[in-house]
Amino acid sequence: ANQGSAGGGGEEGSSDRVELPVQEKLDVPEDVVKAAGDGKAKCDSKTTIAYVGAMTGPNAQLGINIYNGSQTAIDEHNAANPDCQVTFKKIDTEGDPAKATGPSAQATKEDNIIGVVGLPFSGESKATGGIFEDAGLVHISPAATNPDLSTNGWKTFFRGLGNDTVQGPALVKLVEKLEAEKTCLIEDDSDYGMGLAKVVKEKMGDKLECEDAVTTGQKDFAPTIQKIMDSKADTVIYSGYFAEGAPLDNQLVNKGFDGYFIGPDGVKDTAFVKQAGDAANNAYYTCTCVPGDLIPEFAEAFEKVSGGDAPGTYSVEGYDTMTIFLSGIDKGITDRKKMTEYVRDYNGVGYGKTYKWDDTGELEDKAVYGYKTEGDGIVSVGLIE
Amino acid sequence: MALLEIKDLEVRYGRIKAVEEISVDVDASEIVVLIGANGAGKTTTMRAVSGLLAARTGSITFKGEDVTRLKGHQRVRKGISLVPEGRGIFPGMTVRENLDMGTYALQGKNPESEYDRVFELFPRLKEREKQMGGTMSGGEQQMLAIGRALMANPEVLLLDEPSMGLAPQFIRQIFAIIREINAQGTTVLLVEQNANQALAIADRACVLEAGRLTKTGTGRELLEDSTIRDVYLGG
Amino acid sequence: MNAEANLTEVAPEREIAVAEGDTLVKVKDLSVVFGGLTALDSVSFDIRRGEILGLIGPNGAGKTTCFNAMTGVYRPSQGSVTLEGNSLLGLKKHRITRLGLARTFQNIRLFGEMTALENVAVGLDARHKSGMISAMFRTPRHYREEKQIITRGMELLEFVGIADRAFDKSKDLPYGYQRRLEIARALATDPKLLCLDEPAAGFNPVEKEELMELIRTVRDEGYTVLIIEHDMKLVMGVTDRIVVLEFGKKIADAVPAAIREDPAVIAAYLGQEEPDGTA
Amino acid sequence: MSSDWISFDFGALIDSFWATTFDGLTLGAIYALVALGYTLVYGVLNLINFAHSEVFIAGAFAVVFFLSALGFGPSAPTLPIGMLILDLVLAGIIAMVVSGGTAVLVERIAYKPLRNRGASRLAFLISAIGMSFVLQYIFYEWRGATAEPAVTMFRPKPIFEVFGSIIDSQQLTIFIAAVVMMVCVDQIVQRTKLGRGIRAVAQDPDTATLMGVNKERIIVATFAIGGFLAGAAALFYVMRVPSGVFYMGGFILGIKAFTAAVLGGIGNVRGALLGGLLVGLIGNYGATILGDSQWTDVVIFIVLILVLMIRPNGILGSNLGEARV
Amino acid sequence: MSAHSPLSSVGAKQAEAYGKLGHQRPNWYLRMKSWWNDRSRWQQWLILLIVVVLAYLLPVINPPLITTEPSNDFAISCFNMALYGLVALGLNVVVGQAGLLDLGYIGFFAVGAYTASLWTSPDSPLVHIPYLWTLPLAMIVTVVFGIALGIPTLRLRGDYLAIVTLGFGEIIRLLATIVPVLKGNTGFQNVGRPPGEIDGAPIFSASNGLPWYWFTVTFIVIVMILLGNLERSRVGRAWFAIREDEDAAEIMGVPTFRFKLAAFGTGAALGGLSGALLAGQVGFVNNQKFDVPTSILFLAAVILGGQGNKLGVVIGGAIVAYVPLRFTALGGWKFLIFGIVLVLLMIFRSQGLFGKKPKLLTYTARIRRKVKKEGPPGDDEGTPPKTAPRRGGAA
Ligand SMILES: Nc1ncnc2c1ncn2[C@@H]1O[C@H](COP(=O)(O)OP(=O)(O)OP(=O)(O)O)[C@@H](O)[C@H]1O
Ligand SMILES: Nc1ncnc2c1ncn2[C@@H]1O[C@H](COP(=O)(O)OP(=O)(O)OP(=O)(O)O)[C@@H](O)[C@H]1O
Ligand SMILES: [Mg+2]
Ligand SMILES: [Mg+2]
């Protein structure tokens, strides 16, 4: 059903909307570190990197995106390095903090595991950071954005993306770029959504025309929409995930809303476009992630692993963080302590961004990209900062 | 051949054997009475005959047709009607609606004549046509229950302790009515604790003890039987 | 009845503070209205200590309603019910029981999954005090009460003649035993007045005979009994006095012999006497 | 400690009172349709059919698949109105068949065997919960955790204005269709032979059998009617929330529909309608007054508790005519 | 049972159901039961002791096949199982013993978890107290909540109570989201833990399930003893009577409202205790997972184990916790299978795996033996005695 661009949605007065130009291509940096390495690596085949995070449960999709990204890296590496077959282990937490301690403790107990990709969500990361810290097992979260995570003094925690304090201002910046005048801020009840919303509120202050909060799992947003329509806003910042964002945008447009719908990386997902339908045409997104689909070589490899799905949110980060571990293994690292040091001192370019951490485990590269809907996909409109 | 033949009936509740080896024949236009102490299995027998309980072994034949495997509602359609212990009035339906339910099995027809017959037997019901079944007094409920069973114009009417909880006056009235119904051609199988009066109107009677038939005879025979007198009729 | 041997043990602590014969319960101007229907219309009668009072009347006369109003199930629209001078109206049902009024049900309502002894224990508990804490940590009081339950409970079961089935689930008991257990359970609450609602319904004449015997023994124990029953033989045989209701009004209040002759009662209720007198 | 998390803004409600009301009624009509399913089954079997929410979502999946197959997609199609109505009616029928079928299946698998064994009421409840799990995770395994892509049936158009607020075509369609259906069901229960059978089984199943009522057939019919209504609700739900169909979708709506049934008086057909509309309205009003739609459910449940404190059997009382003795 | 009007009375229907339940009770069960009853008192104690010791050692033994590794650390899994056991024990008081259908038990669990977090987590502005103090505190707070919920609602019957409790659970969850102090999804980190260190490392840590498991099992043992005492007392009998027939109980002098409230409070306290334990072990509490499905899982645990049987429901709780941990790899299928198991169980064994009627009297052994010797067989499981017409009665 390729009705996204052609459908009747066009009539909504998008004439006075500012359209940001699409970023046509992304230059992959020369010095990008790829998983394959030089093909000459030697290592013990028991050496294991684990993915710890949601594979089932209501939030599984994000986890699967990451897992497939990591798997892409492993496949690439093992194919290129016959003498270094790294084992990849998947440990499911369902994204639930209360359930995550068991799997995490299990991961720390297995000595072969010397690095962990995960955990994707802030809640479970909070619940398990101490466990990894006690075991000295380094873990790079490819998706958790809560700023507090890096303030625990954990030496084994690293974040493969910018946190909310990076993305929040970018959302505001995007509003300015779009020359919108009246903005409503809608947040969900997730740590992520609330965290971002807090930053946006700090930036925009009284300039916000209206605010509302929705709940995870909600699909019918009548009172919220009523509020937005009453406020005559021309922009909505939705601080949350696509699962609620999509029906919200859809119902908004059905009620006659013709402004912008701006969301962060949690919204930026092709599923959003599918679910919101042609309503998604008004959507812009920010993401500290790199447009993976603009990197054909990555997208191709990824699709082989995912069974045809294009790279999703944080797939690139999944690949990049795994690649960091793999490059360490290729360099002969066999234990957790060395791996932790290796990651701490790492400075390399990935598909996504430059990976170099400060001493709290936050990335120094704070690039945020803007995106928008085009057709039934999402395209980059380039760096926002 | 008898109209209703119960043969070697056995019924269990779980592992509890409630009745066994019960065989009773009821001929057309007869009044047959079952008596027995509490828990002897009278109600169980009645429920098994009307199909509310499944017979474990044995058979029930009605007009020569084996109905043992038929469901309760199918037996009603064949012409077996039970006025259950406790009357079973639909409390949230009016008297009229309760009577209507009696004709449920008669594919669609609601012959006025049936109502007339019931109202003739129980003028009280006519007065209270619009009253909710549940608010009727005990005696009125019993009338309603019998009247409702008659609406289906059954060939066999099973009555389980119709006199229970009724004032003495009413009890006499109920027995008179049973006799009248019977005179109009309906076969009656009656369970009663009020053995004296029941046996007085019975053509034949059976005694149930601990789930088994221990004695059968005409009503008069049992009335005069000294052991029966001692155990069931009192001095 | 072998129970007679235990008579003194059944109610060891009972003391009949007031002389037999004075008023125990006073029902005054009691009315109950359901919607438009006056089920009970300004009924007054007394129950004297130590007597067996019969309450009879045609179906729908208001007997059960009267019972329910006394035991707190229905709220009367007017009138008063007092037990030894204490008003029962508006009290919680369990309070009424503790004040000394116990009843059985027209349809047996035992705790089916409990054993006979446990059923009686629930009744005995009405007089007990031990609560959560004392039970959890088995304080001496709890211990004393539990011991008492076993002895007193068994005595009561013996009294009504079903001690041999003390450890059977009450739903597994024969109907007659269940009726007796209901009486035992009610007695366990140590009532001043025991109310029986059609205790003989579904009994055959011989079983009724036994029940009469039991009721008399209960009275001899010092309990006062109020009984609703349609079986005239039983009522006439066991009661000391009879109150007759019709259409919610009291139409007679006299000794059995007088009731039997009362033309109003005959017209309203008894009808023409059958020769065998069992009706 | 901040205390600004709760504030009452009645002005907001006054400003958008009619719009909020119309919307609440529309939403409430959908709740009411689902609530009827709970109520009917409760009336007849005296048990909460916990799997009813999945019966509903099965219909919603059917609507989505059927309409997608017809070429409906994210944007509203440009069809002649006659065709559109035909398509929607077809979708509705299919949803009703699927939901009805699911309901009957649930009855067969999770209830009938228990009934034959005379299980306790709690056993029925747990069996229903088990069935609910089964269906939910069938959908989960089959379609994943993400919602189905949107199928938009039509873009709502303003029809007329009342008290300065617009009533649009979608609201009108849903409300009128739902209320008409419920009135029909009420008439069926009150007037037809089937209805008499349902009421009889509800009041006394054994005696109903003695009247010649086929209890099993009545029970199946009750589940089927409940299922049909849930199917219709599914169509309206997808109409209103084009991308709200996912494995937990039924559960979320089901709780509110069940609340509606209880609020009105469970077992009472008219109570379900009243309860549904009230829940729709209360939720909307509450969210507007308190400022956040997160309050919706809190307000609904608090009102439920308050109502039950005053009327322990729901507003209209329970059951398809229970004992008044 | 009302032999009087089996058609219309609920009692008779129940009797019918129970009669059939008895029928389903398998032979091995009866045999085991009689074997157990034949043991002398001290033998029973000894066996129980061995079982308890084995229970304590479970995570140490880490039996193959049974273990939840390599997906989940077994000691932590054991802790979760024990925790669910404790939860089931608490809910059983409400549902199994007093017969009050509670679909919102998770609410108390949540209150307990939040109490522990609010008074120990550095994220909370409140005064901080040692973690162990939060356990009684959590119990007190939940009891207050339980009573506050109970007073207005315990008058409601059956399903109405069920929906109200469900609403309560939801309200708690939503308030945890809405009220800023409770920090919604952000949650509380570094919730306290019991004191004690070995080699500088805390004994009770998130990664080490063993001490937590032992701690919880100890609670279970204590609670079971106390609840056992309660069961065989005036309180237990009152609860059981309420469950059987509330009206009759009230009329027999049971202050039903007070005892229902007591059941609610007791259940709430145990729910709160469990919640606080979870908060301590995970060390992090946010608004996730205090939802209706989890609450229903709790209920399923009670029914699965066999409501009314304390040990049974503990095992039921353990199973409910265990299955998803053991079969993580199955993804959503495990819930599907769980659902099928629930349905099948209800069809074939609706009283639960270990359903049995509790004993409600304490000092009956002697008298029971005496009655057995004199009277007819009073075996309360076996073939019910024939209800023959009783002639002459006790005379
Ligand atoms: N639902 C049931 N479950 C188990 N046993 C039952 C059930 N109903 C009856 N029984 C048992 O079956 C036997 C026969 O009972 P039934 O009701 O048929 O007796 P009855 O002769 O009608 O007695 P009554 O004079 O009390 O009406 C009794 O032992 C009774 O305890
Ligand atoms: N809850 C109620 N609502 C309406 N009417 C009622 C209610 N309860 C009783 N009645 C009516 O009140 C009258 C008295 O009923 P009650 O049950 O007291 O009669 P009774 O004397 O006990 O009769 P029976 O001998 O049949 O048991 C009856 O006419 C009855 O229909
Ligand atoms: Mg009988
Ligand atoms: Mg009466």
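Lettering of chains follows the sequences in order, A, B, ..., and the numbering in each one begins at 1.
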Heavy atoms of other groups near Arg127(C) CZ, more than 12 under 6.0 Å: yes
Contacting region of Val254(E) [heavy-atom separation from chain C under 4.5 Å]: both
Proximal component of Thr71(C), with respect to chain E [non-hydrogen, under 4.5 Å]: neither
Salt bridge present between Glu231(E) and Lys359(E) (N-O < 4.0 angstrom): no
CZ/Phe145(E): more than 12 non-hydrogen atoms of other groups inside 6.0 Å: no
Chain E interface, residue from Thr97(C), Thr151(C), Leu101(C), Val73(C) that has the most non-hydrogen pairs under 4.5 Å: Thr97(C)
Contacts of type side-chain contact (heavy atoms from CB on, under 4.5 Å), residue Thr142(E), not counting sequence neighbours: Phe108(E), Val111(E), Ala268(E)
Option among Leu99(C), Val27(C), Thr82(C) that satisfies the side chain to side chain contact (heavy atoms under 4.5 Å, CB included) test with Leu88(C): Leu99(C)
Glu244(E) side chain to Gly112(C) backbone, donor-acceptor under 3.5 Å: yes
Which portion of Met154(C) sits near chain E, non-hydrogen atoms under 4.5 angstrom: side chain
Heavy-atom pairs under 4.5 Å with chain C, option from Ala249(E), Gly228(E), Ala241(E), Pro358(E) with the top count: Ala241(E)
When Arg98(C), Lys92(C), Met114(C) are compared by non-hydrogen pairs under 4.5 Å with chain E, the top option: Met114(C)
Between Thr266(E), Ile251(E), Leu227(E), the one whose heavy-atom pairs under 4.5 Å with chain C are most numerous: Ile251(E)
Listed pairs under 3.5 Å, donor-acceptor, residues 257-264 of chain E side chains, sequence neighbours left out:
unit_1: Lys260(E); atom_1: NZ; unit_2: Leu154(E); atom_2: O; d: 2.6
unit_1: Lys260(E); atom_1: NZ; unit_2: Glu246(E); atom_2: OE2; d: 2.8

Under 4.5 Å from any heavy atom of chain E - which part of Arg103(C): both
Residue among Asp245(E), Asp247(E), Ile225(E) with most heavy-atom pairs under 4.5 Å to chain C: Asp245(E)
Contacting region of His142(C) [heavy-atom separation from chain E under 4.5 Å]: side chain
Side chain Arg234(E), main chain Asp125(C), donor-acceptor under 3.5 Å: yes
Ala238(E), part contacting chain C, at a heavy-atom distance under 4.5 Å: neither
Structural part of Ala188(C) lying under 4.5 Å from a heavy atom of chain E: neither
